[in-house]
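Keep in mind the model is a prediction, meaning the values are calculated, not measured. Both backbone and side-chain heavy atoms feed into the values below; hydrogens, waters and symmetry mates do not. Below, chain A is the first sequence line, B the second, and so on; all start at residue 1.
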Number of protein chains: 2
Amino acid sequence: MGSKATLKNIAGILEISISTVSRALKDHPDIAQETKRKVRELAELMDYEPNAFAVYLRTNESKVIGLIVPEISNYFYHSFVSALENEARKKGYTLLILQSGNDSAVEEANLRLCKLNRVACIFVALCSETRDLATFNRIGSSGIPIVFFDKVPEDNNCIKVCLADRDIGRLAAKTIVGKGKKNVLAMFGNPNLSISRKRKQGLTEEIKKLTPFVNVSTVTANNSSEAKSILIEAMEKKEKPDTVFCMSDEILTGVIMGINKLGLKMPQDIAVIAISNGFIPKLTNPEITYIETSGAVLGKKAMQTFTEILEKGISKKLDVINSKLVEGGSI
Amino acid sequence: MGSKATLKNIAGILEISISTVSRALKDHPDIAQETKRKVRELAELMDYEPNAFAVYLRTNESKVIGLIVPEISNYFYHSFVSALENEARKKGYTLLILQSGNDSAVEEANLRLCKLNRVACIFVALCSETRDLATFNRIGSSGIPIVFFDKVPEDNNCIKVCLADRDIGRLAAKTIVGKGKKNVLAMFGNPNLSISRKRKQGLTEEIKKLTPFVNVSTVTANNSSEAKSILIEAMEKKEKPDTVFCMSDEILTGVIMGINKLGLKMPQDIAVIAISNGFIPKLTNPEITYIETSGAVLGKKAMQTFTEILEKGISKKLDVINSKLVEGGSI
DNA sequence: AGTAAAATTGCAAAGGTTTGCGATAATGTT
DNA sequence: AACATTATCGCAAACCTTTGCAATTTTACT
């Protein structure tokens, strides 16, 4: 109980040098089998674990990965985080998860925290507020690689893994037009994010391309309750939409609540199509038709990108993953 | 660019000693104002940040808090994590979030990781599998305080913050009886967890106490899809339940899907009451009546407990927070 | 001016690990 | 037997910070 398990103590007891103990524990070829055996046995007995800080200090690289997201409580990020964590564990890394809460100041604080902890890499989904990427660039050039995902900057001079947002929008457009809908209310998140703009572009342009007879009105809903009230208001008008498009789970949530409040039936009273991770669409009756954006796949991709960075030392890259339509009965 | 920002470098440039620089940066009273000014200016300029590992190594305490949960993708833990993270940040701590994925082996690996990183404290929600608490005890006695929350061990010789699970069960019982229900299907999670047993006890005992005329059949549903199929099966029987009780969001999710699949109406065809964090109940029509278990409140409490540990050095404690009924229209 | 007290600074060790290089001991070769 | 290899091991520096204590300088006081 008394003495802590350190190399020094082990060395003391065995009356050999610290370096020999260190090497024995790493199975270094210089060390005799017999010595290795004794060291390993004692280390086991003493429940030795290397002091991570000392190792970090000496080797100057930590086995920690920083992850900064606006909100973990979001099914998409959830699945992303889970996937990333699994992959990271396999490679011996630990995840430092930080939330920016859609506040640029907190985001910056988190960034500093990552730097302070000398993380091996930072994965970032920007918060919608963020306009100034100076801090990111500073950190990036200080040697810590940054991988942006999902909510990525416009700039191409960085590493990004993201969804094929424009294609997703187009796929939604095709589905809507295919079902013969005429009047679409399309809800998007903060236009500051490229993810919002691209999805919107994809949707509106594709519809225009396909047919001149479908009317699309786009609106911005910053959160669930905004989406809910926008829907309710829209349904009270004379020319009410026959279809509502939700670019995210957050918006979809609000729309569902609005539909319930008004007692509407899908798809008769209103058709719904969303971009989603798939959890919420399964909770309604009928289930909601959605374009699947798998956080899990993206997470895996992100980790792959990280290993590529380590091996090849790239500093700019764009990875895109595709999505597919999952039919419920809401449209 | 060339030289890194360390105390040594700053000292070298200013031609003073490292210790003076260190003290100047911490506003130590021994250092002259003029010196402090110069040091601070240069430090600012060089973008100096103390090397966290060196600090940890020297002071032997890290500003990191470990958090181990079965799954983050669970609204209850979400809100818990968010709250805890906020509180932690205020006090300068960082959260190391680890998922055990309901696998005891992973849980243990995570525990070791926490120890390895010399975290200041570990918050744990046990996974349902875990029976052996030896590792926890070992770590606990090695100086790292452990705070159990939500899914806590039975043993009272530790620190726990949890919900008033029996009371929650009783509250549900009262509501069910008050609504004149006669035939209850009550679904619980893994009975290995005290949380399941206590909720079940509270519910069944209270109903028995209140009236002999209500029939309760309890079942175990380990996940959403099990809950779904249990419900569907039950509704096909002759003596089908008029009410279903769900002890968690996970189970509730399955039940909702089952209800949708069968096209049932709440509360006419089947009444529903759940224990939930409140997100999912708002998505149905009518909304689901639930007993609110706030992860946010629990998270705050947990952090308070941690500060108490630091200040007073307690090693056993039980904190309980109460819940309230939120009426939807599902019962 | 001489001494005491206060203000300011530096020395050096400690914390635990990694690693290049040199030292020693054991074995093999001619 | 003399030398060359090879197998083992230890020394000591480095990573960066904190901190007790001693050293030095400045200021105050008689």
Under 4.0 Å from any heavy atom of chain A: name the first and the last nucleotide of DNA chain D that qualifies, 5' to 3'. dT8(D) to dC16(D)
Just jot down the salt bridge (charged side-chain N to carboxylate O under 4.0 Å, His left out) partners of Lys115(B), sequence neighbours excluded, or say none. Asp47(A)
NZ/Lys8(A): more than 12 non-hydrogen atoms of other groups inside 6.0 Å: no
Tell me which residues in residues 28-44 of chain A lie within less than 4.0 Å of DNA chain C, going by non-hydrogen atoms. none
CG of Asp27(B) versus C1' of dA7(C): gap in Å, rounded? 15 Å
side-chain contact (heavy atoms from CB on, under 4.5 Å) with Glu87(A): which residues, sequence neighbours excluded? Lys90(A), Lys300(A), Met303(A)
Test of understanding: with side-chain contact (heavy atoms from CB on, under 4.5 Å), list the residues that count as partners of Glu41(B), not counting sequence neighbours. Arg37(B)
Rounded interatomic separation in angstrom, taking CG from Asn9(A) and C1' from dG16(C): 10 Å
Touch class at under 4.0 angstrom, heavy-atom based, for Ile16(B) against every strand present: sugar-phosphate
Just jot down the salt bridge (charged side-chain N to carboxylate O under 4.0 Å, His left out) partners of Glu107(B), sequence neighbours excluded, or say none. none
Near DNA chain C, which residues from residues 50-57 of chain A have a heavy atom under 4.0 Å away? Pro50(A), Asn51(A), Ala54(A), Val55(A)
Suppose we screen for ring pair (Phe, Tyr, Trp, His ring centres under 6.0 Å). Which residues come up paired with Phe76(A), at least two apart in sequence or across chains? none
Residues passing the ring pair (Phe, Tyr, Trp, His ring centres under 6.0 Å) test with Phe80(A), sequence neighbours excluded, are Phe149(A)
In whole angstroms, the gap separating C1' of dT17(C) from CG of Leu116(B) amounts to 13 Å
Could you check whether Ser19(B) gets within reach of a base, just the sugar-phosphate, or nothing at all, counting any heavy atom under 4.0 Å? base
Atom-to-atom span, CG of Asn60(A) to P of dT19(C) - whole angstrom: 12 Å
Summary of ring-ring contact (aromatic ring centres under 6.0 Å, His included) pairs that have at least one residue in residues 299-318 of chain A, sequence neighbours excluded: Tyr93(A)-Phe306(A)
When Lys26(A) and Val21(B) are each assigned the nearest nucleotide of DNA chain C, the 5'-most assignment goes to Val21(B)
Below 4.0 angstrom from OP1 or OP2 of dG10(C), is there any side-chain N or O of Thr20(B)? yes
Mind checking what makes side-chain contact (heavy atoms from CB on, under 4.5 Å) contact with Cys158(B), not counting sequence neighbours? Phe148(B), Pro153(B), Lys160(B)
Does atom CD of Glu44(B) have more than 12 heavy-atom neighbours from other groups under 6.0 Å away? no
Please confirm whether any donor atom in the side chain of Arg23(A) sits under 3.5 Å from an acceptor in the base of dG20(C), or the reverse. yes
With sequence neighbours left out, what residues match Ile321(B) under side-chain contact (heavy atoms from CB on, under 4.5 Å)? Leu163(B), Val297(B), Leu298(B), Lys301(B)
